[in-house]
Amino acid sequence: MENSSARARPKTAQMLRSRVFWFIAGASVNYLLIATPFKWLRTHTALPLWAVSACSLGISTAFFFAWNYFINFRTDSRKRDALARYLAAVACMWVLSSATLTLLKSFNAHLALSIGGYPLDLDIVATQFFLSGLKFFLYHKWAFPLPKEPLPESR
């Protein structure tokens, strides 16, 4: 007879690896959806910095809104019940991210990092890093709260 805890450990480790993989994949796609339009808009348009930041973050925000709401909706609450809170959270994070990216881009610290010959835009990375805690709270605690567990009945 197999030990049930021995079977649970590999499945848990596999779930953790899968979650880490999807976290890194999502972060990479998010970075590319912000950095690519930002670089293109700065090169090919005369838009002010705040407009370039807002547009590039808007592309990423729109993509992930659609992905998370229509494809990857994971909560026990109904979509219609969560929509208003989710839209408010998305709008709040878009405004804060746009303002943060504009602020970081407004002065150049001459910091650079390349991975595999590909230069990373550290201002975009820092924007996502600075707001990650607030983003987690807004989405996981407010927009899509876990259902409240019923109190145990007293005897």
Side-chain angles (χ1 to χ4, degrees), residues 9-148:
R9 260 184 255 126
K11 186 175 181 179
T12 303
Q14 183 181 8
M15 277 181 46
L16 179 62
R17 282 192 298 268
S18 175
R19 291 183 74 173
V20 168
F21 169 78
W22 286 113
F23 174 79
I24 292 169
S28 300
V29 169
N30 190 34
Y31 172 83
L32 290 172
L33 285 172
I34 298 168
T36 305
F38 190 93
K39 186 175 181 178
W40 190 89
L41 288 169
R42 288 295 279 174
T43 306
H44 296 92
T45 68
L47 291 172
L49 182 59
W50 64 267
V52 172
S53 296
C55 288
S56 60
L57 279 156
I59 291 168
S60 171
T61 301
F63 174 81
F64 279 105
F65 169 80
W67 178 268
N68 289 328
Y69 189 74
F70 295 110
I71 297 170
N72 198 29
F73 190 82
R74 293 184 184 175
T75 181
D76 291 335
S77 61
R78 295 182 319 180
K79 282 186 175 184
R80 185 177 49 191
D81 295 341
L83 181 60
R85 289 189 310 270
Y86 186 44
L87 283 172
V90 166
C92 176
M93 287 309 302
W94 174 74
V95 168
L96 289 173
S97 296
S98 297
T100 303
L101 184 57
T102 301
L103 177 69
L104 291 173
K105 287 287 188 186
S106 65
F107 62 91
N108 189 357
H110 300 291
L111 298 175
L113 176 67
S114 292
I115 294 182
Y118 183 79
L120 287 179
D121 189 331
L122 295 178
D123 294 329
I124 293 171
V125 173
T127 298
Q128 298 304 303
F129 178 77
F130 290 154
L131 297 173
S132 61
L134 177 61
K135 187 178 200 177
F136 180 85
F137 174 78
L138 274 176
Y139 292 118
H140 295 280
K141 299 296 182 187
W142 184 68
F144 304 116
L146 291 173
K148 294 185 177 171

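This one's a predicted model, so the numbers in the text were calculated from it and none came from an experiment.
- Counting only heavy atoms from C-beta outward, the side chains of Met93 and Leu134 approach each other to under 4.5 Å.
- Atom CG in Leu103 sits 8.5 Å away from atom OG1 in Thr127 (nearest 0.5 Å).
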Output a table of donor-acceptor pairs, distance under 3.5 Å, between side-chain atoms of residues 20-37 and any protein atom two or more places apart or on a different chain; print 'none' if there are none.
unit_1 : atom_1 : unit_2 : atom_2 : d
Ser28  : OG     : Ile24  : O      : 2.8
Asn30  : OD1    : Ser60  : OG     : 2.3
Asn30  : ND2    : Gln128 : OE1    : 3.1
Tyr31  : OH     : Asp121 : N      : 2.6
Thr36  : OG1    : Leu32  : O      : 2.9

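- Every residue two or more places apart in sequence or in another chain that forms a ring-ring contact (aromatic ring centres under 6.0 Å, His included) with Phe65 is listed here: Tyr69, Tyr86.
- The main-chain N or O of Ser97 is never found under 3.5 Å from a side-chain atom of Thr100 such that the two would form a donor-acceptor pair.
- Applying the salt bridge (Lys or Arg N to Asp or Glu O under 4.0 Å) test to pairs two or more places apart or on separate chains, none has a residue in residues 41-57.
- For the atom pair Leu113 CG and Leu122 CG, the distance stands at 5.5 Å (nearest 0.5 Å).
- Atom CZ of Phe129 is surrounded by 12 or fewer heavy atoms from other residues, nucleotides or ligands within 6.0 Å.
- Legend: salt bridge (Lys or Arg N to Asp or Glu O under 4.0 Å) pairs involving residues 49-64, not counting sequence neighbours: none detected.
- To the nearest 0.5 Å, atoms CG (Leu101) and OG (Ser106) are separated by 10.0 Å.
- The distance from the CZ atom of Phe38 to the CG atom of Asp123 is 7.5 Å, given to the nearest 0.5 Å.
- Not counting sequence neighbours, the partners of Thr102 by the side chain to side chain donor-acceptor pair (under 3.5 Å) test are Ser53.
- Within the model, atoms CG of Leu138 and CG of Leu96 stand 8.5 Å from one another, a figure rounded to the nearest 0.5 Å.
- The stretch residues 44-62 participates, sequence neighbours left out, in no salt bridge (Lys or Arg N to Asp or Glu O under 4.0 Å) pair at all.
- Between the side chain of Trp94 and the backbone N or O of Ala54, at least one donor-acceptor pair lies under 3.5 Å.
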